[in-house]
Amino acid sequence: MRRIQSREYFSGEFDLPGDKSITHRAIMFNGGADGEAVISNALTGEDCLSTCQCLRALGATVERDGTALRIKGTPRFRSGQRLDCGNSGTTMRLLTGFVAGKGVDVTLFGDESLSSRPMKRVAEPLTLLGADVKTTDGHAPIYITPKTLHGGSVQLKVASAQVKSAVLLAGLSAEGETFVSEPVKSRDHTERMLSAMGADIRVEGNDVRVKKSNLCAVDVCVPSDISSAAYFMALGALKGETLCKNVGVNPTRTGILTAFDRLGVEYALLNKRVSGGEDIADILVKKSHLRSIELTSEDIPAMIDELPLVALLCAFADGESRITGAQELRVKESDRIRTTAELIRNLGGECEELPDGFIIRGRKKLRGGKVDSCLDHRIAMTGAVGLLASENGGEIYRSECCAISFPDFFEKLGEKGNGRGHVRDEW
Ligand code: S3P
């Protein structure tokens with residue numbers, strides 16, 4: 001159990017950990033590429049360490065020095081491996097696609113939460129490309145046996161970067177062209193990185209085509225994760241002023257800023273630049289009066305991991321907010337529609353579950369109380385923000401799971417943030 005004091009002010013400048021999605025991809029793709037690469041500012045949270053372990057088992061060399069990773073890839077994977085993906089959906093789904101056409105026997109398994117998440121969504125399109133991918137009643141463990149893959153056309157029913165990436169990675173070892181299309185564009189880090197590594201890949205709107213290609217190792221400097229920065233951005237909006245530095249602002253990831261626009265949060269992107277094919281900026285946020293919002297299915301993919309936090313902000317807003325089209329939240333590390341609604345209610349707010357989202361009746365403040373992470377890192381961090389911004393603070397149970405994506409979250413939360421003053425004069 002961890003006690004979180006309520007604070008009247010929260011201000012400061014923050015360096016956040018590396019982006020989880022980009023780190024996973026940099027490890028995995030370089031692990032299967034020709035040559036050596038260095039990944040700097042890598043996220044060393046538990047999920048990305050699971051990816052490191054899997055690539056080592058497949059024959060790559062991965063050495064760690066702080067947040068730098070040196071990878072020596074192997075285009076030929078070792079057969080007969082049992083890969084432990086831990087809690088990480090990205091590791092399991094992307095790797096399933098990556099190894100499906102590599103001529104190896106592989107089993108992928110994970111922890112209890114990961115073993116309850118849907119895997120048919122990856123197995124089905126890969127089978128269409130000729131792969132032999134067997135799930136256990138639609139779940140992990142997943143068993144892969146060697147098959148020669150051929151290209152094909154896959155229309156995704158839900159926007160999912162993990163499934164899209166699995167198909168594209170399988171397409172790298174398939175004869176002919178592999179086409180994948182999704183209803184709304186999900187994060188496109190795979191497309192950007194594969195292109196930088198020399199793959200024959202073309203993107204047109206929500207459609208992507210890839211042809212058989214070998215990958216060449218590339219160094220990657222990972223930007224800070226907007227999904228981790230979001231907690232500190234939210235604290236700026238609720239309690240003072242925060243500056244989050246070197247944050248990845250790839251447009252497929254900035255849904256939190258769309259939510260901020262509608263909520264009426266005052267923010268500015270400073271020092272905008274492009275590095276390693278990804279957009280980066282410093283994000284300055286200041287205390288704002290929040291109004292109620294509406295979000296629908298089109299808005300969801302670009303803020304999928306931030307939705308528990310967005311729902312919390314709605315509870316601090318004035319009026320009734322409605323979030324729909326977010327049924328994917330039901331199959332994340334926890335059922336995040338249920339766990340977010342419970343979290344808000346435990347803090348004294350009003351939140352009603354819908355099958356695909358929430359209705360939140362904002363009351364401008366929350367009392368505080370006792371919250372449980374339900375072993376979901378994003379629920380733990382959302383709970384901590386809610387308690388810190390509440391009237392009385394409170395207690396959070398099973399908060400250690402934030403190490404999945406943000407190992408020093410609570411240190412960062414405690415290290416600064418008492419100042420009343422402005423961080424920057426850029427307004
Ligand atoms: C991710 C894609 C998203 C996201 C997850 C990371 C990725 O999952 O929720 O945290 O790195 O590709 P879905 O593809 O299931 O939407």
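Counting starts at 1 for both ligands and their atoms, following the listed order.
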Legend entry - Pairs satisfying salt bridge (charged side-chain N to carboxylate O under 4.0 Å, His left out), at least one member in residues 69-90, at least two apart: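 Listed by first then second residue: Glu36-Arg70.
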Legend entry - Donor-acceptor pair between Glu182 and Asn206 side chains, under 3.5 angstrom: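 Note: Glu182 and Asn206 side chains miss the donor-acceptor criterion.
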Inset, instruction - Check the pair Asp261, Tyr267 against side chain to side chain donor-acceptor pair (under 3.5 Å), reporting the backbone distance first and the verdict last. - result: CA-CA 9 Å; Asp261 288 332; Tyr267 68 89; 2.8 Å; yes
Legend entry - Residue pairs, two or more places apart or on separate chains, that pass side-chain hydrogen bond (donor to acceptor under 3.5 Å, both in side chains) and touch residues 207-218: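 Every side-chain hydrogen bond (donor to acceptor under 3.5 Å, both in side chains) pair that includes a residue of residues 207-218, provided the two are not neighbours, is Glu175-Lys212, Glu177-Arg209, Ser181-Asp207.
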Got a list of side-chain donor-acceptor pairs under 3.5 Å for residues 85-96, not counting sequence neighbours?
unit_1	atom_1	unit_2	atom_2	d
Asn87	ND2	Asp111	OD2	2.9
Ser88	OG	Thr91	N	3.1
Ser88	OG	Thr91	OG1	2.6
Thr90	OG1	Gln162	NE2	2.9
Thr91	OG1	Thr51	OG1	2.8
Arg93	NE	Pro118	O	3.4
Arg93	NH1	Gln162	OE1	2.5
Arg93	NH2	Pro118	O	2.8
Thr96	OG1	Met92	O	2.7

Inset, instruction - Assess whether atom CZ of Arg56 is packed by more than 12 heavy atoms of other residues, nucleotides or ligands within 6.0 Å. - result: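 Yes, CZ of Arg56 has more than 12 neighbouring heavy atoms, counting only those of other groups under 6.0 Å.
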Inset, instruction - Write down, by chain and number, every protein residue that brings a non-hydrogen atom to less than 4.0 Å from an atom of ligand 1. - result: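 Answer by chain and number: Ser21, Arg25, Thr90, Arg93, Ser160, Ala161, Gln162, Arg187, Ile304, Asp305, Lys332.
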